[in-house]
Trainee: 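Before we start, here is the structure in question, set down as structure tokens.
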Amino acid sequence: MAQCKVVHKPEMKEAARRNKDVINATYKNLVVSDKMKDIAKNRTYFIRTYGCQANIRDEETIAGILEYAGFKKANQIQDANVVILNTCAVRENAEDKVFGEIGALKSLKTKDSDCVIAICGCMIQQKHIVDIIQDKYRQVDLLFGTHNIDNLLNLLEEVYEKKVRVIDVESKMGEVIENMPSLRLEKYKAFVNIMYGCDKFCTYCIVPYTRGKERSRKMEDILKECEDLVNKGYQEITLLGQNVNAYGKDLHDGSSFAQLMENVTKLGISRLRFTTSHPWDFTDEMIDIIAKYDNIMPAIHLPVQSGNDEILRLMGRRYTSKQYKELVDKMKAKIPNLALTTDIIVGFPNETYEQFQDTLKMVEYVQYDGAFTFIYSPRVGTPAAKMNDNVTDEEKHKRFDELVKVVEKYATIKANALVGKTLKVLVDGASKKNKNVLSGYSEENKLVHFVGDPSLVGKIVKVKIKESHLYSVIGDLVDD
């Protein structure tokens, strides 16, 4: 397909635009044309997703749309007629993996010229990435962005019918689109979007540009989706947003994330989780609601990024190390069995070793149950990418290794403290390493392995912990 039709290409300035207008939900009824039905007949699809839970939820929507049209899911990528890579832009190495995968997919086109290769997700919301794929990876037939998912069938139809490559990646504040079909990837645990986008504009982060303006779904629409999941037997719901605690601010109707959590708990869901939260918007009301209800899990992901006030200011994080510690102290005082995890970046532009030491002190103060640790990766178009970075690569890796040791020290202490305790575990299935062992997650979001009957999958069971490891624990099933 030599000809390329460019409908939209992303633009950072447009992606950064914000206004105070309320974005009203659009309720769509997906229409499948006769041509699309013919195209989908006897054809299969395969989706490979990179990145966060928001991308996983997008995969479920994409799969739902394709199946609604008549496509069937292929078990292996080489057996698919439509291959979609759903990408992440948060880290450079995630993008490198995608480029490697795109190169490997060239063989599929050689094998089957009718095969359609499509790339979507946050990575595609960057113009320089779109330009690279357009020029160097001609095996890619379709590029569509995070704001174009609802138009997927029309784009595919154009690729098939007109035999052209299509690029349609809009940069805009975004929409709230309801009623899209969805194919859930799990039977007992579900992700539910409560809002989209981010308005924080941390200086290192590409997400506000790839996901658009903060825009909340109506509470009644969220509760309707959650109630449906409860009625279908789901045991756990995770409320999703780039910054869930900002939920409702844009609706101007008094809605808050604390109210939403309380309303979802009252639907009778066994377990409620949420991700991700920003320390700036974490209210006392939220803490009180989490502490009040047993079915809100006491596992909170609270990104700190740095323990140094100057670096936090350069990052645009909107809080000081003192304010973060005060928030943690409030949580620990009120929420029983609290498990805290975090994100930390080392080697931010011009970070000194003394400033890095403040991050280690923060880890020692909070004593996290775990942390996602990253070496700073510049994202094209973000303010941090324009900063003078005088921290050498060697020094960044040295600090990273030092940080990991401190994080793992406290994670090990927390894991060891679970030995002898009985945890409630939602059973996911067989362990990846041993099919004779079951695995699941405790209320504290700790991975638990134990021997049990496969009939326990999807149930919440009690497991007494007898052995701890850094990233998991092992126990025995408690027979009630």
Side-chain angles (χ1 to χ4, degrees), residues 1 4-5 7-8 10 30 32 36 39-89 94-109 111-126 129-130 132-134 137-161 163-170 177 180-185 191 210-211:
M1 296 183 183
C4 183
K5 178 181 178 180
V7 183
H8 297 100
L30 190 64
V32 183
M36 193 68 243
I39 290 168
K41 190 175 182 180
N42 298 322
R43 281 192 169 97
T44 59
Y45 72 92
F46 187 94
I47 305 169
R48 178 161 290 161
T49 293
Y50 305 79
C52 69
Q53 294 93 333
N55 279 16
I56 294 172
R57 187 71 189 104
D58 283 347
E59 176 183 341
E60 293 180 335
T61 301
I62 293 168
I65 291 171
L66 292 174
E67 300 238 347
Y68 188 81
F71 288 93
K72 301 298 180 186
K73 186 175 182 178
N75 293 323
Q76 301 179 83
I77 195 167
Q78 59 265 31
D79 297 330
N81 303 116
V82 176
V83 175
I84 299 176
L85 302 186
N86 183 24
T87 64
C88 173
E95 293 181 351
D96 291 341
K97 286 181 182 178
V98 172
F99 281 126
E101 184 74 13
I102 296 172
L105 291 179
K106 192 172 184 179
S107 61
L108 291 182
K109 299 288 286 189
K111 174 185 170 185
D112 178 12
S113 60
D114 189 50
C115 177
V116 169
I117 298 173
I119 318 292
C120 66
C122 291
M123 183 173 162
I124 306 305
Q125 291 293 147
Q126 303 168 94
I129 297 292
V130 171
I132 290 171
I133 295 175
Q134 181 183 358
Y137 297 90
R138 294 193 164 275
Q139 64 269 35
V140 177
D141 305 294
L142 173 62
L143 297 177
F144 64 101
T146 58
H147 304 300
N148 302 81
I149 292 174
D150 62 299
N151 196 39
L152 175 58
L153 295 183
N154 291 330
L155 296 174
L156 273 177
E157 184 174 320
E158 189 157 22
V159 170
Y160 273 109
E161 287 293 304
K163 305 299 180 184
V164 294
R165 302 171 73 202
V166 177
I167 298 174
D168 190 1
V169 185
E170 289 190 79
I177 298 174
M180 284 291 100
S182 175
L183 184 68
R184 297 283 178 182
L185 295 175
F191 295 126
T210 64
R211 290 284 177 176

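Computed from a predicted structure; not experimentally measured.
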Trainee: Would you say Lys109's side chain and Cys115's backbone share a donor-acceptor pair under 3.5 angstrom?
Mentor: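 Indeed, once roles are kept as given, a pair shorter than 3.5 Å links the two residues.
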Trainee: Strictly distance-based, threshold 3.5 Å: is any side-chain N or O of Glu170 a donor or acceptor partner for the main-chain N or O of Gly145?
Mentor: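 A pair under 3.5 Å: no.
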Trainee: Between the side chains of Asn154 and Asn151, does any donor sit under 3.5 Å from an acceptor?
Mentor: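 Result is yes, a qualifying pair exists.
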Trainee: Quick check: do Ile129 and Phe99 have side-chain heavy atoms less than 4.5 Å from each other?
Mentor: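 In short, these two side chains touch, coming nearer than 4.5 Å.
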Trainee: With side-chain contact (heavy atoms from CB on, under 4.5 Å) as the test, would you mind laying out the steps for Phe191 and Asp58 before giving the verdict?
Mentor: CA-CA 10 Å; Phe191 295 126; Asp58 283 347; over 6 Å; no
Trainee: If we ignore hydrogens and angles and just use 3.5 Å, is the side chain of Asn86 paired with the main-chain N or O of Asn55 as donor and acceptor?
Mentor: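 Yes: the side chain of Asn86 pairs with the backbone of Asn55.
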Trainee: Does Gln125 reach the main-chain N or O of Thr146 with its side chain, forming a donor-acceptor pair under 3.5 Å?
Mentor: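 Flag set: sc Gln125 to bb Thr146 pair under 3.5 Å.
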Trainee: Tyr50: what forms a side chain to side chain contact (heavy atoms under 4.5 Å, CB included) with it, not counting sequence neighbours?
Mentor: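 In terms of side chain to side chain contact (heavy atoms under 4.5 Å, CB included), with neighbours along the sequence ignored, Tyr50 is linked to Arg48, Leu85, Cys88, Lys97, Val98, Glu101.
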Trainee: For atom CG of Asp96, is the number of surrounding heavy atoms from other residues, nucleotides or ligands below 6.0 Å larger than 12?
Mentor: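 Result for CG/Asp96: enclosed.
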Trainee: Is a side-chain donor or acceptor of Asp141 paired with a backbone partner of Ala118 at a separation under 3.5 angstrom?
Mentor: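 Pair absent, no side-chain N/O of Asp141 close to backbone of Ala118.
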Trainee: Quick one: does Arg165's side chain have a donor or acceptor within less than 3.5 Å of a partner on Val140's backbone?
Mentor: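 Here the side-chain-to-backbone pair exists.
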Trainee: Taking side chain to side chain contact (heavy atoms under 4.5 Å, CB included) as the definition, give me every residue that meets it alongside Leu185, ordered by chain and number, with sequence neighbours left out.
Mentor: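 With sequence neighbours excluded, Leu185 shows a side chain to side chain contact (heavy atoms under 4.5 Å, CB included) to Ile56, Glu59, Glu60, Lys73, given in chain and number order.
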Trainee: With a 3.5 Å distance limit and no angle check, can you tell me whether Asn81 reaches the backbone of Val116 through a side-chain donor-acceptor pair?
Mentor: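 Side chain of Asn81 to backbone of Val116: no pair is present.
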